[in-house]
Amino acid sequence: SQTIHQWPATLVQPVGSPLSLECTVEGTSNPNLYWYRQAAGRGLQLLFYSVGIGQISSEVPQNLSASRPQDRQFILSSKKLLLSDSGFYLCAWSGVQGGSQPQHFGDGTRLSIL
Amino acid sequence: GQQVMQIPQYQHVQEGEDFTTYCNSSTTLSNIQWYKQRPGGHPVFLIQLVKSGEVKKQKRLTFQFGEAKKNSSLHITATQTTDVGTYFCAGAPGNMLTFGGGTRLMVKP
C-alpha cells in the first residue's frame, strides 16, 4: 500500500533563517506531488505541484521554492523565512492519471516563525 | 479564476441533529471529492462522485452530485461528537483539483 511521510511534525524557526521540509512517498511510481499551506482555521492554499522529476509548477508568488530531486521525494525550501510563512504545511500525492485524482495527505508540519 | 465555493463556513449543532454542507462551482466539474480534517490532523479523502446526479452513502453520511455537475452536498444524519472536524469539497473545473474553503463542524454533546 502507498504511504506518505512528511517531517518534521513541528518546527520553530527565527525570521530570516532557511527552511527545508521533506516529503517522501512509498508504494507508488511517478505520483503527482503537491505542497499546500493552511493558516489556522482556514482552507488549503496550493503552493506547488509536480508531475515528474524536476518539474515544478508554482501557484502563487512567494518566498518559498520546491524541488523534486527524485521520483518520490518532494522538498519545500526557503532561503530566508518571513513571519508570514507560519502555518501548517501539507504534502500530498495523487495518482499519475491526472491532477483531478484524489489526493492523499501527509501528517503535515506545523511551522512557527518567531 | 475558477473557484469552488463551500457554505457554510462554520456550523454548530447539538449532538443528534443533522448537518449539511454545500459546494458550488461556476463551471462543470469532472468529479467532486470530499475530505474530512479532524482538529489537529490532515485532510483525509472520503469519497469521489463522478456521474451527474450520483448519490453515495457511507453509514450516516450521504453525498450528492448535482445534475449539472456544478454542485454537491454532504449530509450527516444524527451527528455524533466523532463527526467534529472540517469538511472540504474538491472539484476539478480544469485539470487540477481545487479545494473549497471548508465547513467546520462543531458538535455539542
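Throughout, protein chains are lettered first and strands after them, A, B, ... in sequence-line order, and every chain is numbered starting at 1.
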Greatest number of heavy atom pairs closer than 4.5 Å to chain B - which of A:Ala92, A:Gly108, A:Pro102, A:Gly106 | A:Pro102
Under 4.5 Å, counting heavy-atom pairs only, tell me which of A:Gln45, A:Arg110, A:Arg42 racks up the most with chain B.
-> A:Arg110
Does CZ in A:Arg37 sit with more than 12 non-hydrogen atoms of other residues, nucleotides or ligands closer than 6.0 Å?
->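 Enclosed: over 12 neighbouring heavy atoms sit under 6.0 Å from CZ of A:Arg37.
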Neighbour count >12 (heavy atoms, 6.0 Å) for atom OH, B:Tyr22 |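 No, not enclosed.
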Taking every heavy-atom pair that is under 4.5 Å apart, which of B:Gln33, B:Gln9, B:Arg104 has the most such pairs with chain A?
-> B:Gln33
So, B:Trp34 versus B:Ser72: side-chain donor-acceptor pair below 3.5 Å or not?
->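 Checked: B:Trp34/B:Ser72 side chains pair up, N/O donor to acceptor below 3.5 Å.
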Would you tell me whether A:Gln38 and A:Tyr36 have side-chain atoms, one donor and one acceptor, within less than 3.5 Å of each other?
-> no
Tell me, for B:Gln6 versus chain A, whether the close heavy atoms (under 4.5 Å) come from the side chain, the backbone, both or neither.
-> neither
